[in-house]
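The structure appears right after this line, and notes come after that.
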Amino acid sequence: MDFALTHDQRLMQVSLVRTLEQASSLDRVRRFAGDLKDKGADVWQALVEFGLAGIVVPEEHGGLGLTMLDAALASEALGAAVAPVPFMGVVLGPIALLRGGSPEQKALWLPKLASGEVMAAAAISEPIAGARDGAGVTASGGKLFGKALFVPGGMAAGLLIVADTGGRLHLVKGDAAGLTRTLMPGIDETRRLAELNFDSVEAEPLGGGPGLLGALRDAGWVLVAADSLGAAQVMLDKAVAYAKERRQFDRVIGSFQAVKHMCAEMAAELEPCRSLVWYAAYAFDAAPDDASLMAAHAKALTSEVGRFVARTATEVHGGMGITDLLGLHFWFKRLGLNRQLLGGPERVREIAARLQGLAA
Amino acid sequence: MDLNETPEMAAFRGEVRGFLAARRDDYAAGAAKDPKAWQQTLIAHGYAARTIPREYGGYGAEPDILKSRIIAEEFIAAAAPRGIANQGVSMLVPTLLEVGSEEQKRRWVEPTLKGEIVWCQGYSEPGAGSDLANLQTKAVEDGKDFIISGSKIWTSTAHMAQMMFALIRTERQAAKHEGISYVLIPMDTPGIEVRPLKTMTGGSEFNEVFFTDVRVPQANVVGGRGRGWFVANTTLKHERGMLGDPNATEARLIALIELMKSETVDGQKIIDNPIFRDRLMQLQGRVLAMKFNGLRLLTAQLTREPAGIAGLIVKLQGCELNHQLAALAIDALGELGILYTDGPHLRANGRWQWNYMFDLGLIIGGGTAQIQKNIISERGLGMPREPKPAAA
């Protein structure tokens with residue numbers, strides 16, 4: 001039994017963090033956030049060179065052929081760096097093709113995804129988080145109709161994985177006729193969400209049966225949970241560092257138990273999340289019977305703990321915490337988006353109950 | 001990450017399971033019919049006193065964390081009693097094995113393991129709780145003996161114990177932490193009075209112990225005079241791990257799920273009420289996270305890597321979770337949940353109410369939640385200690 005990261009995984013973490021320090025500094029994130037014309041191409045290029053574009057694409061298709069746990073560790077590092085990268089599609093695209101694509105679809109798309117030439121995005125919000133404002137996509141005669149909301153990376157993606165209201169999945173080319181995309185400006189300026197409108201858009205159905213949407217959902221939950229873990233850990237670290245420096249009443253504020261206990265509570269809530277995220281990611285590949293329930297709990301718990309850490313770490317910073325000067329709000333908002341994306345914790349826990357036969 | 005069991009471990013699990021199945025008549029509902037005989041059986045098979053050398057009455061196996069864990073898991077799954085797990089076995093014996101003299105080990109370990117000697121722990125005092133090192137129960141020398149006077153509190157098994165292991169201030173001139181000795185005291189020594197301490201559960205799970213000129217040989221000191229604080233700290237860490245044990249928390253969650261599936265209100269199952277269901281799911285997520293945190297700690301132990309914060313949070317989080325599980329069970333029972341003593345409507349023998357009250361004591365005992373947060377922030381996050389106030 002070995003419940004730990006491998007040596008290679010630890011090396012990858014360290015080296016990815018270093019890459020992101022260079023490619024996605026807070027200054028760089030600020031520029032992206034302030035300029036919609038900035039597509040973050042240089043950040044993406046640095047990650048492509050790292051190999052991240054093909055992290056779960058098998059080696060025979062030009063990728064690294066790594067596991068969901070590796071992808072989760074990457075997602076954690078991206079969350080920690082509040083990196084302006086729509087990573088979810090980078091993982092969900094290949095998984096959709098691997099589990100539901102024909103040999104031709106795999107051969108066509110996987111190398112392009114692995115090389116970073118094409119980015120994928122998954123439009124699966126409605127059948128998982130529920131439909132808002134009448135959204136939903138229907139398929140008829142090989143064409144898609146309707147709209148899909150809250151698609152991470154949907155503005156730039158060259159390949160779309162689209163779920164219809166029946167839970168079946170379709171491949172849509174980014175330049176397909178009848179497809180329009182509109183930015184959904186949100187609180188988190190480090191990741192752009194798209195509204196996709198389908199007016200008789202040509203699509204190829206994916207196989208994989210009803211399990212495919214579930215697999216994409218589980219993978220999405222794990223990745224969002226890992227992103228939250230990374231973002232929350234940075235907020236905690238920043239709060240502790242600030243409390244050790246900031247002086248009031250002739251003492252560093254970190255020597256007051258009121259402040260220390262806030263930090264201890266954050267650590268005590270966050271650290272178990274790490275183990276749950278690791279196990280949920282591991283289960284995706286190695287323990288399929290557990291995978292969905294663990295992904296759900298990882299998503300729901302990191303949402304709750306993420307919110308607690310975001311507000312508490314901000315509070316430890318006092319008035320400075322709410323200023324733009326420190327930039328802490330980028331992490332705060334990242335966690336805010338993660339909480340709702342692919343279902344808020346109440347909805348996800350209801351699915352968790354259903355998965356074990358505790359709810360109808 | 002690889003959670004698959006090796007064939008050797010799977011075989012060992014099978015052995016434990018077979019042992020428990022074959023002896024199902026010897027225990028019921030987590031209790032042995034004859035606790036002393038059960039303890040002997042467990043030691044003989046290596047399911048108790050597993051790594052304690054044979055010469056001291058143990059089974060004498062090499063330490064194997066995985067096997068220990070498998071034993072724990074299978075005993076929980078079978079609701080089988082773990083044998084004698086009093087403070088003598090769990091705290092005194094490891095202390096003696098680590099720092100006791102050869103004579104002390106030979107004299108005390110085996111009868112303690114067999115349940116022939118029951119021990120109580122004399123640490124806390126009315127004026128020394130969280131600030132344990134401030135303890136004032138003192139010993140003065142008289143020839144080869146100590147004369148002890150003072151009092152102890154929270155001594156759980158004092159009313160049935162033959163012996164106490166206690167922290168006593170023996171060195172009056174020494175600094176706070178250096179003036180304490182770890183002393184073994186026979187409870188039938190003249191001058192010892194035990195008074196039960198009734199708690200909110202209605203039971204007396206604890207006692208107060210008063211010492212008036214109690215004469216004890218100086219040879220009863222373990223680990224050297226003035227070393228008591230350090231001797232006690234070698235085993236206090238075991239107590240904290242025990243108090244947040246995720247296996248016990250998971251077992252309670254399972255019982256809670258069963259309760260919510262079987263109890264009804266207005267003919268509707270509690271589990272079908274979305275508000276209760278969501279509370280259950282919130283707790284399940286936290287229980288799972290602590291379970292995997294436990295596996296991570298186990299691996300860190302195996303590979304001898306520091307566990308860091310993951311280890312420091314176990315007592316705080318585990319005890320809080322246990323308490324919240326009991327709280328949800330009481331809410332799920334609603335008005336039934338307020339019943340406590342025998343009656344036709346009483347559920348689970350009043351266990352949930354008892355747990356809810358008793359476990360609040362566990363949040364406080366063994367290092368309060370606030371002390372745990374100090375430990376997490378100081379040792380885990382490197383934050384400074386609160387400075388001492390200037391003398392008035």
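Here the structure is a predicted model, which means the values were calculated and not measured. Quick note on labels: first sequence line is chain A, next is B, and so on, each numbered from 1.
Here the CG-CE distance, from L288(B) to M294(A), works out to 4.5 Å after rounding to the nearest 0.5 Å. Expressed to the nearest 0.5 Å, how far CG of L3(B) lies from CG of D2(A) amounts to 8.0 Å. Note that CG of N293(B) and CH2 of W278(A) are 10.0 Å apart. Values are rounded to the nearest 0.5 Å. In this structure, CG in L381(B) is found 6.0 Å from CG in L236(A), a value given to the nearest 0.5 Å.
Considering only heavy atoms from C-beta on, Q284(B) stays 4.5 Å or farther from R349(A) through its side chain. M383(B) is listed as a side-chain neighbour of C263(A), based on a closest heavy-atom distance under 4.5 Å. Within the 4.5 Å cutoff, side-chain heavy atoms of P272(A) are placed close to those of M290(B). Side-chain contact between N374(B) and Q257(A) is present, with at least one heavy-atom pair separated by less than 4.5 Å. Using a 4.5 Å cut-off on side-chain heavy atoms (C-beta onward), M281(B) and Q356(A) make contact. Looking at R251(A) and P387(B), their side chains come closer than 4.5 Å, going by heavy atoms from C-beta outward. Contact annotation: the side chain of R274(A) approaches that of R296(B) to within less than 4.5 Å [non-hydrogen atoms, C-beta and beyond]. L5(A) is not listed as a side-chain neighbour of M1(B), based on a closest heavy-atom distance of 4.5 Å or more.
In this structure, the portions of L358(A) lying under 4.5 Å from any heavy atom of chain B include both its backbone and its side chain. Interface residue I271(B): backbone and side-chain heavy atoms are both found under 4.5 Å from chain A. Proximity to chain A (any heavy atom under 4.5 Å) is shown, for K269(B), by neither the backbone nor the side chain. Neither the backbone nor the side chain of A286(A) comes within less than 4.5 Å of any heavy atom of chain B. Contacts of L297(B) with chain A are absent, with no heavy-atom separation under 4.5 Å from either backbone or side chain. Neither the backbone nor the side chain of V348(A) comes within contact range of chain B; no heavy atoms are under 4.5 Å apart. Proximity to chain B (any heavy atom under 4.5 Å) is shown, for A300(A), by neither the backbone nor the side chain. Both the backbone and the side chain of Y279(A) come within contact range of chain B, judged by heavy atoms closer than 4.5 Å. In this structure, no portion of M266(A) lies under 4.5 Å from any heavy atom of chain B. Both the backbone and the side chain of K260(A) come within contact range of chain B, judged by heavy atoms closer than 4.5 Å.
With respect to chain A, the highest number of heavy-atom pairs below 4.5 Å among D272(B), L295(B), I257(B) belongs to L295(B). Of the residues considered (M260(B), Q282(B), E5(B)), Q282(B) shows the highest number of contacts with chain A, using heavy-atom pairs under 4.5 Å. Top candidate by heavy-atom pairs under 4.5 Å with chain B, chosen from C273(A), P345(A), A4(A), A287(A), is A4(A).
P384(B) approaches G254(A) most closely through the heavy-atom pair CD-O, 3.6 Å. The shortest heavy-atom contact between A267(A) and I376(B) is CB-CG2, 4.2 Å.
The local environment of CD in E62(B) is sparse, with at most 12 non-hydrogen atoms from other residues, nucleotides or ligands closer than 6.0 Å. Summarising the local packing, CZ of F332(A) is surrounded by 12 or fewer heavy atoms from other residues, nucleotides or ligands at distances under 6.0 Å. Under a cut-off of 6.0 angstrom, the local environment of CZ in F75(B) is crowded, with over 12 non-hydrogen atoms contributed by other residues, nucleotides or ligands. Residue K67(B) places its NZ atom among more than 12 non-hydrogen atoms of other residues, nucleotides or ligands, all under 6.0 Å distant. Residue R307(A) places its CZ atom among 12 or fewer non-hydrogen atoms of other residues, nucleotides or ligands, all under 6.0 Å distant.
Residues K373(B) and E269(A) are not paired through a salt bridge, judged by the lack of any N-O separation under 4.0 Å between the basic side chain and the carboxylate. In summary, E350(A) and R277(B) engage in a salt bridge, as defined by a charged side-chain N under 4.0 Å from a carboxylate O.
No side-chain donor from either of Q370(B) and H261(A) sits under 3.5 Å from a side-chain acceptor of the other. Side-chain atoms of Q317(B) and E271(A) form no donor-acceptor pair, as typed in the model, at a separation below 3.5 Å.
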Check against salt bridge (Lys or Arg N to Asp or Glu O under 4.0 Å), R10(A) and E305(B): CA-CA 14 Å; R10(A) 291 182 206 200; E305(B) 283 184 63; 3.2 Å; yes

